[in-house]
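Report on the structure given below.
A, B, ... follow the sequence lines: proteins, then strands. Residue 1 opens every chain.
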6 protein chains.
Amino acid sequence: MTRPMEDLLETAEKIRSMEIRGAALIGREAASALKDFALSLETSSLQEFNAEVSRAAEILLKTRPTAVSLSNAIRMMMRYSGDEVESARRSLAENADNFVDRSLKAIERIGEIGSRRIRDGDTVLTHCNSSVALSIIKTAHDSGKDIRVIATESRPRYQGHLTIKMLDGWGIETELVVDSAVRTVINEVDQVIVGADVITANGSLVNKIGTAQIALCAHEARTSFMVAAETYKFSPDTIMGELVPIEMRAAEEVYPEISELKNVRVRNPAFDVTPHQYIDVICTEVGAIPPEMSYLIIKEMLGWEIEGRIQ
Amino acid sequence: MTRPMEDLLETAEKIRSMEIRGAALIGREAASALKDFALSLETSSLQEFNAEVSRAAEILLKTRPTAVSLSNAIRMMMRYSGDEVESARRSLAENADNFVDRSLKAIERIGEIGSRRIRDGDTVLTHCNSSVALSIIKTAHDSGKDIRVIATESRPRYQGHLTIKMLDGWGIETELVVDSAVRTVINEVDQVIVGADVITANGSLVNKIGTAQIALCAHEARTSFMVAAETYKFSPDTIMGELVPIEMRAAEEVYPEISELKNVRVRNPAFDVTPHQYIDVICTEVGAIPPEMSYLIIKEMLGWEIEGRIQ
Amino acid sequence: MTRPMEDLLETAEKIRSMEIRGAALIGREAASALKDFALSLETSSLQEFNAEVSRAAEILLKTRPTAVSLSNAIRMMMRYSGDEVESARRSLAENADNFVDRSLKAIERIGEIGSRRIRDGDTVLTHCNSSVALSIIKTAHDSGKDIRVIATESRPRYQGHLTIKMLDGWGIETELVVDSAVRTVINEVDQVIVGADVITANGSLVNKIGTAQIALCAHEARTSFMVAAETYKFSPDTIMGELVPIEMRAAEEVYPEISELKNVRVRNPAFDVTPHQYIDVICTEVGAIPPEMSYLIIKEMLGWEIEGRIQ
Amino acid sequence: MTRPMEDLLETAEKIRSMEIRGAALIGREAASALKDFALSLETSSLQEFNAEVSRAAEILLKTRPTAVSLSNAIRMMMRYSGDEVESARRSLAENADNFVDRSLKAIERIGEIGSRRIRDGDTVLTHCNSSVALSIIKTAHDSGKDIRVIATESRPRYQGHLTIKMLDGWGIETELVVDSAVRTVINEVDQVIVGADVITANGSLVNKIGTAQIALCAHEARTSFMVAAETYKFSPDTIMGELVPIEMRAAEEVYPEISELKNVRVRNPAFDVTPHQYIDVICTEVGAIPPEMSYLIIKEMLGWEIEGRIQ
Amino acid sequence: MTRPMEDLLETAEKIRSMEIRGAALIGREAASALKDFALSLETSSLQEFNAEVSRAAEILLKTRPTAVSLSNAIRMMMRYSGDEVESARRSLAENADNFVDRSLKAIERIGEIGSRRIRDGDTVLTHCNSSVALSIIKTAHDSGKDIRVIATESRPRYQGHLTIKMLDGWGIETELVVDSAVRTVINEVDQVIVGADVITANGSLVNKIGTAQIALCAHEARTSFMVAAETYKFSPDTIMGELVPIEMRAAEEVYPEISELKNVRVRNPAFDVTPHQYIDVICTEVGAIPPEMSYLIIKEMLGWEIEGRIQ
Amino acid sequence: MTRPMEDLLETAEKIRSMEIRGAALIGREAASALKDFALSLETSSLQEFNAEVSRAAEILLKTRPTAVSLSNAIRMMMRYSGDEVESARRSLAENADNFVDRSLKAIERIGEIGSRRIRDGDTVLTHCNSSVALSIIKTAHDSGKDIRVIATESRPRYQGHLTIKMLDGWGIETELVVDSAVRTVINEVDQVIVGADVITANGSLVNKIGTAQIALCAHEARTSFMVAAETYKFSPDTIMGELVPIEMRAAEEVYPEISELKNVRVRNPAFDVTPHQYIDVICTEVGAIPPEMSYLIIKEMLGWEIEGRIQ
């Protein structure tokens, strides 16, 4: 095995074992690994270069086959072009650098864009522990706006506990509630802000279990519902009709003693689907868009060719 | 202090200290205690009898001033009549026996009435751990209907764990979900069945936190929503405009380490309010009624005189 | 067999064989038959009188066990009272006469009450062929109001064809549409007026298949939806939780050649259920009521004792 | 003409000419006039007494034929009974005193009942200038609750200007908005409180133009909507299907120069109709009821006999 | 007349007389005819070539002036370019071949894309007889998914009978219902799938009468509603504000004896309009899009120049 | 100061002082002024040219910093390009001419596009006094369609009075209503047509106070709601998350004697925000689009570069 391939496999293994984790980080590390691989590849045949790079990309893709950020990162890089090896190499490296750069700036930019929609005195509700959503809240707070946050505990994994610690550290006044208390407090809320695991082509949001219920409560009470999502969270495959698979997690996460009960099972979906009708705006690093515009984001931002896919 | 009063005070203390608890049981024990007190009262003056009985009733009422079942039990008993002590005594005793009898039969009757609305093959969703709601489910199962139950865990106190154990024991196929997964599963559900802490004069339901969110999800998906409630859960005071006070429970119940965080508080409401528009039917021991008919139940079943109250 | 019983059995057979049919007619004929039976009964023992009359009532009830108008008619008659045979006989006869009288007047009265809610120039949409609903339309027309009717054809039995012939005969300008065109025309409609097969205790309407879809369209377009129903269409059994059974009719009624297809079945429900939220008012012979008041109608108009039923 | 009749005619004229006006006042003055008339009537024939009283009642009724409070007042008084003139006279006088007494107490009682539903810190929105609605607001304020009011100007007659002066006088912090700004401010509102001109048998509210739009905005934003209405605002005629006539007022009230425009007319309805689905509760002097219970209020509180009317 | 023109006129006549029919087939035959015409045209003047081709295109367009598929086919072909006759000829021929090819592949592709959204075990409801919608169902079935179909009969022309025969032939378990039974069965349905006659610029669907009512029922029950539509079903004219004309068909189709009735007419619209709010996704051959994206499809897929049209 | 700058400052002052006013006019005058400035600028250094033009553009922008039409006009002009001064000058002048030309044609075009959506016999409701909305109504009327208009008075500035005079002058049958009567008349309306102050990136409409309430009423009654808006009303800044500031106008405009009241303030917002869910279509000069497509309009029509903005 060549040296470049060894390094790439090492990174691949770290992603597979979740030593490297987090949608954004996975994408950036994969991009860097593929770039290094391409730069080190010793060949003067463009055909061979393309074949080797494709093989390496496949290896990275298989580490987390359902992670939209990973497949989008690889997809962007593989749009390199060149008449000969050196120009192809440079093109791929440039694509990789662009992805890393975009990813690093995205959370910050979304924080700025989203925070403009928060007014002084607003109460914000957030769910789970989304770094992009929290970037919006923190940016608003740092810009001197007096805001208050209500955070859900986010069963079954209590990511809300992490959220309240972060908010506490930033000095933002916060209330913690159980997930089922959202409808009770929603009339006090001016903005719901959540992150995203996947945005589909028709503007639906796949996010932490409970998100859709919050969106429904917000809709019932005419409360704004904002999603924070980097563009690499948008799923090109959904244009081809693919449904986003909803991960079913272990029963014990919800109820450790489940094996003692004969007639009882646990259903533990990690995510749910919020229809676009309940979403007011999606804040991406390229601007605040209505959810129905997701198809265009996929097409333009991800450089994904519809025509190419459908043949 | 007289002997009768001593006995009554003892029961009162047990209710206050929650040695005696559960809405139905509190009512029955208070009824028995007041009956015993009246039967033992040594006086031939009707005026004195009335005064003593009123004083005793007040003592019982004060043990749990917000428990609707208790105040309804006392209220029913105090509607005794009589031209002289003996007939008054008998009337009060009869009222007490009637209340105890009604209470004992209510859960069983509601089980029968409600179970007729469950069809063979239905999937039922329930929340928290309501003995009346479970009576409906069990009666349907016992009558040979093939039913399946989805139970929520019911944070923060996990009463759903008790529910799944009971259902498991009865041999009913059950799934446990976190509270925020209700919208994900609701399209599979034919009937939501929940209990009640209080029913108000305009048909709103005060019940375990999370109930209103489930009702909203059921409404969005055109799923039936049934409430099981004994008539002594209906609140006469709400006719006079009184709002049902929502108990705020300890922060530590939700997040034990809350004191470590400077800017974070916990809001832990025990109940929420479901508007009558989301309730299809309330099953009481006197029949299945639309929620808007609650005013009539209060008037007729609780024997409570509107005119009397408003003067 | 006695002569009175022979006569009664003859009527029972005519009802069973549908020689006598139509909800109102069945009720009146059964009332007359039971009255005749009671008047002819030769006994001086009240106990024997009661037993014989009960037996006769049972025979009539069994002819069409799911016909709410029949069971309500019998139920009203059986509320006779009397200390001895003659007074009991008179009481029963009076009940029977009252029922017949009420039934005869009901359609006329509902016509008057309902027609007051139609304004000059209104467009009315009706479904199926309901004599009570048409009584309202005809009364409005006869009182000089300029009205226009849209009638659905009402698949699968095309009762709408009968309706348009009646409207044509009365000189009322009418349009016929297929059932699935209702949403297209509903914005031109001021009032939807339909009849009822059964009204449940919580105000739901069981009526000809398609009614619920029309109600939904009316609700979406903020168009009034009025139900015309004699009080003997209200179902006491639904207070006890009974669901109204929905008759499934023959497949051939929808598609005569169904037997030629191996993998295809026909589902042909005769009725559907309209939730009370979509009903603005129910016009009965005792007044125009909100659907939620159905429970009271059952209790007061049908003389049906809740307490008696639940013991 | 007799002296008693002269006095009665004088009061009738004052009502007709609107020298006496306001729903409550009209009712009380008519009651007093009819009572005085009955007390002064010189006859020993019960038949004559009844005939004279009926004639006098008719005269009063015709002064303002569409005023529900007037017809309800007369209706209540005419339910007097008596075997001979003196007892009839006393019964009628008692009915009149009861009506006056009830009317005087009603606003105060509704103020108490309704104010219990206002919480400390609430923002209340009110429309037009309803003394009953304002009684609720003032009672809440007087009881020490910190409340804030938003008042609409209530075109075309600007009754809101009177409202803000009253609120200003009571020291209640108030904001004035144009009628079309309600949707903009409704998310800050905890309770909408309005009065009533008429409540119909199916719970609809007829009130000042603009009320229905406010109710719709409140519904969209999950804001509570409370109606304050004395029981004599409930319309018995609507049970018989009567629609409440909506008064069309002069064009010039809206646009004085209308006559200069050839193709333009003004439509100036004084009232609109709010459907019961948008009303959470109606506060009457006999308690807070759901709107669907209006039929029962009419029957029980107004002593109006359905059976009697329909024969 | 030249030979090429004779051939083209022959095809035009077949389209006009509906010998050639079906949206897709019309488009392809017109494309072939225009291509043949262009290839046979004997001229060396580009100006003359352009003029002749334009004249031929006009002739074809006039055969079915409201068929969106025809005008879209011609429009695509007329976007040929070329500096001289031969290159223009080749360009037009290529456009024609592309259209034919795209059309032939579209149904198959939509079948693949749409079928990915059907899960194993799903129940699908379909209306009328749409080859594209059925392509989705068949593809899902062929891929081994266990699905069940409910088909409406689709009055007045009973296209549902054709649908159930096709489904029967493919071995798919199917139920037939009358159109007005959709609300009764919709809670069992996971996906509604229908075809399209026209998609407008703002995402509305014009399709067989009854479609909008089904969409409304699906919306009420939170059931997915999917439209299958080739891109040449999208209407460019609607961008210019044109409303899609709704064809009114013969009265006798609904009620043959209509002429016997003096006051009755039949209204028989062939199509209705489903608002985009009730559509979850439109599956086209270029991907699954939200309905709001229709404007972009028109612009990009149909190559239609907004700027050109508006000058 | 140079002569060109003096002229530009003069125009700037007229815009600032509102001597020049109206969204369209401001844009055109600013375009002409900047063009004249550029044409007169004496320099051969491209760098200096660019600097001077930028400074002049800034001066114009500051005259009305929140007017979207002004900033859009300047933005379009500043997209000039050129390698040297003369080509840059020509490019800027061309941009200016294009803007003026587009603006002049836009109202006419929108009138044509929008009027196609009005059918013969329609009733149209309009609010405030929008020249673009009225262009649609007048074009429909001029094309021979028989239409009727309902106009609101549009408190607090009664722009509706201007509207009814214009409609009267054109001979269009019109009714004037107060703003709060919209829900009463909306069931008679086929189309609501309003103008726009700003359209945001997610398709929300900022328009005269009261618009959102009308849209809500239209939505409740299934009445079409159309917005007329030139593309330069679309706000690029909202893509970056900027909220549209809502102008608060003087209290005296609503209630001149406000200073006499101690506890009362007036809230007088000039505009409100209508969510895109209540808008069926936006008619622009480049076509009728769904509101969700606003982002694309901003991107394509305004030539505004997302990428450029976000760096």
How about residues 251-263 of chain C versus chain E: which residues have heavy atoms under 4.5 Å apart?
C/Val254, C/Tyr255, C/Leu261, C/Lys262, C/Asn263
Those residues of residues 169-179 of chain C, ordered by number, that approach chain E below 4.5 Å (heavy atom to heavy atom)
C/Gly171, C/Ile172, C/Glu173, C/Thr174, C/Glu175, C/Leu176, C/Val177, C/Val178, C/Asp179
Winner by heavy-atom pair count (cut-off under 4.5 Å) against chain C, out of E/Thr184, E/Thr152, E/Leu216
E/Leu216
Within residues 119-144 of chain C, the residues sitting under 4.5 Å from chain E by heavy atom, in sequence order, are none
Name the region of E/Val182, side chain, backbone, both or neither, that has any atom closer than 4.5 Å to a heavy atom of chain C.
both
Heavy-atom count check: over 12 atoms from other residues, nucleotides or ligands less than 6.0 Å from C/Glu188 CD?
yes
In Å and rounded to the nearest 0.5 Å, what is the CD1 to CZ distance from C/Ile150 to E/Arg267?
5.0 Å
Residue pair C/Asp272 / E/Arg183, side-chain heavy-atom distance below 4.5 Å:
no
One option among C/Val273, C/Leu167, C/Val185 has the most heavy-atom pairs under 4.5 Å with chain E, and it is C/Val185
Under a 4.5 Å heavy-atom criterion, the part of residues 217-230 of chain C in contact with chain E comprises C/Cys217, C/Glu220
At a heavy-atom distance under 4.5 Å, which candidate from E/Asn268, E/Ile209, E/Ile214 has the highest pair count against chain C?
E/Ile209
Chain C contact via E/Glu153 - which portion, at a heavy-atom distance below 4.5 Å
side chain
Based on non-hydrogen pairs under 4.5 Å, which of C/Gln213, C/Lys165, C/Lys208, C/His161 is most in contact with chain E?
C/Gln213
Heavy atoms only, distances under 4.5 angstrom: which of C/Gly210, C/Ala212, C/Ser180 has the most pairs with chain E? Name it, please.
C/Ser180
